[in-house]
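These numbers were taken from a predicted model, which means no experiment stands behind them.
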Amino acid sequence: MIRLAFRYAASTGNPFSMLISRETGSPFSHVEMVLSGADNNARCFSSREPHGAGFEQIDLSDPAKWLITAPMALVGDQEALACGYCLGADGKNYDGLGLVGFAVHNPAIHDYSMIFCSETIAAIAQHCWSKILPAQPWQISPGMLVELAKEWVLPRAKLLA
């Protein structure tokens with residue numbers, strides 16, 4: 001039962017998060033894929049600044065910090081494929097420079113050997129869940145993922161506010 005957790009930029013106190021929020025026009029600056037566990041001790045995967053892609057136990061229980069989706073509507077081996085993608089991406093460096101490329105719409109700035117958070121989840125959606133994206137994974141922001149996730153959750157499920 002995979003869910004997505006979106007971090008409100010204002011809850012971080014981080015100027016970098018606020019810049020991401022401002023540039024993307026979204027209140028969110030980060031996204032995690034929730035693999036298992038309760039919200040107060042969730043096993044997650046994402047790419048995090050400055051360390052890069054990896055697994056982490058995170059307390060997602062504060063609704064002032066996190067918006068968590070209903071479970072993704074996955075079929076067959078799509079959940080296993082997503083977990084396999086995470087294992088393969090584990091340890092990839094964080095692509096801070098790619099965020100500059102995202103902001104100025106210049107793919108030449110993007111480093112394909114590195115990855116940032118929303119790119120990670122968008123790539124999983126595209127390659128493991130067979131989702132059609134409106135742009136390349138590195139061009140998808142956390143705010144765009146929130147809107148896309150509304151179509152990816154289990155039928156009749158809504159984003160939790």
Side-chain angles (χ1 to χ4, degrees), residues 2-35 37 39-70 72 82 85-86 88-129 131-153 158-161:
I2 291 177
R3 300 174 296 150
L4 301 180
F6 296 90
R7 180 80 188 242
Y8 289 102
S11 73
T12 67
N14 180 326
F16 187 64
S17 293
M18 295 307 295
L19 178 64
I20 292 169
S21 175
R22 189 188 80 210
E23 289 298 315
T24 62
S26 165
F28 305 104
S29 63
H30 181 68
V31 59
E32 293 278 342
M33 185 168 68
V34 183
L35 300 169
D39 288 352
N40 65 347
N41 190 28
R43 181 79 170 150
C44 299
F45 187 85
S46 191
S47 184
R48 300 170 200 90
E49 189 268 325
H51 304 293
F55 298 91
E56 190 170 317
Q57 296 293 129
I58 301 175
D59 181 354
L60 305 170
S61 63
D62 186 345
K65 294 180 180 179
W66 296 95
L67 172 72
I68 303 172
T69 68
M72 298 290 105
Y85 184 97
C86 294
D90 189 24
K92 271 189 156 188
N93 289 328
Y94 185 80
D95 189 14
L97 186 60
L99 289 176
V100 174
F102 176 89
V104 298
H105 307 289
N106 184 347
I109 298 174
H110 178 64
D111 185 336
Y112 288 92
S113 69
M114 299 178 175
I115 199 162
F116 52 86
C117 67
S118 54
E119 176 184 11
T120 303
I121 308 308
I124 289 168
Q126 182 179 57
H127 299 297
C128 303
W129 303 341
K131 302 300 182 188
I132 296 172
L133 302 175
Q136 294 299 313
W138 67 268
Q139 297 170 311
I140 304 290
S141 70
M144 292 170 73
L145 276 176
V146 165
E147 294 305 312
L148 292 168
K150 290 177 182 178
E151 303 298 321
W152 300 344
V153 295
K158 303 253 190 250
L159 285 175
L160 302 176

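The two residues Tyr94 and Pro50 make their nearest non-hydrogen contact at CB-O, 3.9 Å. Nearest heavy-atom pair across Leu148 and Leu133 is CD1-CD2, 4.2 Å. Closest non-hydrogen pair, Ser26 versus Gly143, comes out as OG-CA, 3.2 Å. Looking at every heavy atom in both residues, Met144 comes nearest to Ile140 through CE-CD1, 3.7 Å. Ala64 and Ser11 get closest at one heavy-atom pair: O-CB, 3.7 Å. Taking both residues in full, the closest heavy atoms of Glu32 and Ser46 are given as OE1-CB, 3.3 Å, listed atom of the first, atom of the second, then distance.
Looking at Ser47, its side chain does come within 3.5 Å of a backbone N or O of Ile115 through a donor-acceptor pair. Between the Thr12 side chain and the Ser17 main chain, no donor and acceptor come within less than 3.5 Å of each other. Formation of a donor-acceptor pair under 3.5 Å by the Glu119 side chain with backbone atoms of Phe116 is found in this model. Put simply, the side chain of Gln126 never gets that close to the backbone of Lys131: no donor and acceptor are under 3.5 Å apart. Side-chain atoms of Ser21 never come within 3.5 Å of backbone atoms of Ser29 as a donor-acceptor pair (strictly under, hydrogens ignored).
Under a cut-off of 6.0 angstrom, the local environment of NE2 in His127 is crowded, with over 12 non-hydrogen atoms contributed by other residues, nucleotides or ligands. A 6.0 Å sphere centred on CD of Glu151 holds no more than 12 heavy atoms belonging to other residues, nucleotides or ligands.
Residues Phe45 and Thr120 are in side-chain contact: their nearest non-hydrogen atoms beyond the backbone lie under 4.5 Å apart. Between Met33 and Ile2 the shortest side-chain heavy-atom distance falls below 4.5 Å. In this structure, Ile68 and Leu60 have side chains that are in contact, with non-hydrogen atoms separated by less than 4.5 Å.
Note that CD1 of Ile121 is 8.0 Å distant from NE2 of His30, once rounded to the nearest 0.5 Å. Here Trp152 contributes atom CH2 and Thr69 contributes atom OG1; the two are 10.0 Å apart, rounded to the nearest 0.5 Å. Distance check, rounded to the nearest 0.5 Å: CD of Glu49 to CD1 of Ile20 gives 8.0 Å. In this structure, the separation between CD on Glu23 and OG on Ser141 is 11.0 Å, given to the nearest 0.5 Å. Separating the CG atom in Asn40 from the CD1 atom in Ile58 is a distance of 12.5 Å, to the nearest 0.5 Å. The structure places CG of Asn93 at 4.5 Å from CE of Met114, a figure rounded to the nearest 0.5 Å.
Residues that satisfy the ring pair (Phe, Tyr, Trp, His ring centres under 6.0 Å) test with Phe28, not counting sequence neighbours, are Phe6, Tyr8. Residues forming a side chain to side chain donor-acceptor pair (under 3.5 Å) with Asp90 (at least two apart in sequence, or on another chain): none.
For residues 52-68, every residue pair satisfying the salt bridge (Lys or Arg N to Asp or Glu O under 4.0 Å) rule, not counting sequence neighbours, is listed here: Arg48-Glu56.
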As a quick check of understanding, evaluate side chain to side chain contact (heavy atoms under 4.5 Å, CB included) for Arg3 and Asp39, giving each step before the final call. CA-CA 11 Å; Arg3 300 174 296 150; Asp39 288 352; 2.8 Å; yes

After noting the C-alpha distance and the side-chain angles of Phe55 and Arg43, does the key distance pass the side chain to side chain contact (heavy atoms under 4.5 Å, CB included) rule? CA-CA 7 Å; Phe55 298 91; Arg43 181 79 170 150; 3.3 Å; yes

